[in-house]
Amino acid sequence: MRAFLNGKRDLVQAEAVADLIDAATPLQARVAFDQLEGTLTSRITEMDAQLLDLIARLEASLDFPDEGYHFIERGETGRRVGCVIDQLDRLLAGARRGRLIREGASVVVVGRPNVGKSSIFNALVGADRAIVTEIAGTTRDLVSERADVDGLAVTFVDTAGHRDAADVVEREGVARAMRARDVANVLVVVLDRSQPMTSDDERLLADTASQRRIVVANKSDLQAGCSMGALQLQLAASHDTDAVDHQLITVSAKTGAGLEDLRRAIVRKLTGAESLRDEAAISNMRHVALLEHARASLVRAQSAVVHDEASEEFVLSDLQEARARFDEIVGTRTSEDVLRHIFDKFCIGK
Ligand SMILES: Nc1nc2c(ncn2[C@@H]2O[C@H](COP(=O)(O)OP(=O)(O)OP(=O)(O)O)[C@@H](O)[C@H]2O)c(=O)[nH]1
Ligand SMILES: [Mg+2]
């Protein structure tokens, strides 16, 4: 707090110290460290400088209306505001990753009985956690286990095979599987490639089409019972929009073939990136909220400029508003209450 009050650290950096202390995984510490070194601050300073320049030009145009001279054209104003919005969007895209890093994610394994869900689940968590037998309907309850995937804390959940069960215990298991399915960040839908597709498979593919999912064809060590081409077509048919999602991963839980591809696909699905290590991530919700607020002001300014519907004064006030949010993030204009709240979290040695 003293470093902040004396201008040696901005607020973002001070908050990073708290995050560093709280970090539970190496990746969380990395994100905090980036922030401490000023990655976020420098991005914000850049955007702020662009807005300041724009504001100065607009104000000059307002101050000298009679000179017949514009310090900036409307089109150029709109373009420059758009450019800052793009930068904000990139930062906000990193916020989803930041949140994942902080909070972790859940990956739920579903599929009809006996396709190898528990075998894949065990392989993903790296332990013989769930019972595997050749009897269909082995797993009857949710089995969950946390594992570190590429630095992310992921909770994997194994579920009961999806079918119309006669047994009450299994029926309850299937109901639980459905509930887990609905709250998953990513679904792993398992099919058995050694068997022809059944109506249960088709129903599951259709039911999960709108969710973020990875479809896996397991038992690739056995002779194929359905062609990959037919599976691909089936997948394409169950999707109406998201074309990139047709991806099908072939694995064998028995030999381990393809499991590394599956792990990578899970990270990509969760984060939208190949790896979590290549981009700055924002993990602080205060920053996200203020960035979103700034973005909304800029969108308002841009639409006023583009539709030529408001005078420069209104555009100016929206731009000022966005700058005020930037100031709040780095702490040059942050209320006492917020500061107290932030520094109250540093209770070292108390
Ligand atoms: N050959 C071969 N057998 C596999 C593979 N994966 C699983 N199995 C076998 O398939 C059977 C079912 O595996 P499980 O992992 O229990 O399947 P499940 O989907 O969890 O089944 P339920 O819990 O009953 O819904 C077992 O006998 C496994 O040994 C694989 O990749 N290749
Ligand atoms: Mg099972």
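Since the model is a prediction, treat every value here as computed from it, not as a measurement. Residues: numbered from 1 along the sequence shown. All ligand and atom numbering here is 1-based and tracks the order in the structure.
Considering I131, I120, V132 only, the shortest heavy-atom separation from atom 28 (C) of ligand 1 involves V132. The heavy atom nearest to atom 25 (O) of ligand 1, considering only K117, R193, R140, K254, is found in K117. Looking at K219, R163, E134 and measuring to atom 9 (C) of ligand 1, the nearest heavy atom belongs to K219.
When only interatomic distances are considered, the shortest N/O to N/O separation between T138 and ligand 1 falls below 3.5 Å. Note: no N/O pair closer than 3.5 Å links T159 and ligand 1 by distance alone. Checking only distances, A253 does come within under 3.5 Å of ligand 1, N or O to N or O.
The backbone of A136, and not its side chain, has at least one atom closer than 4.0 Å to an atom of ligand 1 (non-hydrogen atoms only; backbone = N, CA, C, O). Of all the heavy atoms of N218, the ones lying under 4.0 Å from any atom of ligand 1 belong exclusively to the side chain. With a heavy-atom cut-off of 4.0 Å, D221 touches ligand 1 through its side chain alone. Residue contacts with ligand 1 for T133 involve N, CA, C or O but no side-chain atom from C-beta outward (heavy atoms, distance under 4.0 Å). With a heavy-atom cut-off of 4.0 Å, L222 touches ligand 1 through its side chain alone.
Distances shorter than 2.8 Å separate the Mg ion (ligand 2) from the protein N/O/S atoms S118 OG, T139 OG1.
Atoms of ligand 1 found under 4.0 Å from any heavy atom of S252, numbered from 1 in the order shown, are 31 (O). Close approach to P113 involves these atoms of ligand 1, each under 4.0 Å from a residue heavy atom: 25 (O). Of all atoms in ligand 1, listed by their number and element, those nearer than 4.0 Å to a heavy atom of I135 are 24 (O). Those atoms of ligand 1 with a heavy atom of G161 less than 4.0 angstrom away are 25 (O).
E145 contributes no side-chain N or O that, together with a main-chain N or O of D158, makes up a donor-acceptor pair within less than 3.5 Å. Distance alone, capped at 3.5 Å, is enough to place a donor-acceptor pair between the K117 side chain and the R112 backbone. One N or O on the side chain of N185 and one on the backbone of S106 form a donor-acceptor pair closer than 3.5 Å.
Taken from OG1 in T45 to CG in D10, the straight-line distance is 7.5 Å, to the nearest 0.5 Å.
The closest side-chain donor-acceptor pair between E15 and H287 falls under 3.5 angstrom. The closest side-chain donor-acceptor pair between R213 and T208 falls under 3.5 angstrom. Side chain to side chain, E37 and Q13 fail the donor-acceptor criterion of an N or O pair below 3.5 Å.
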Run the numbers on D53 and R80 for salt bridge (charged side-chain N to carboxylate O under 4.0 Å, His left out), then give the verdict.
-> CA-CA 10 Å; D53 182 68; R80 290 208 197 175; 2.7 Å; yes

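Among protein heavy atoms, atom 12 (C) of ligand 1 sits closest to N114 OD1, 3.1 Å. Atom 7 (C) of ligand 1 has as its closest protein heavy atom S119 OG, 3.3 Å.
In this structure, G111 falls outside the shell of residues with a heavy atom less than 4.0 angstrom from ligand 1.
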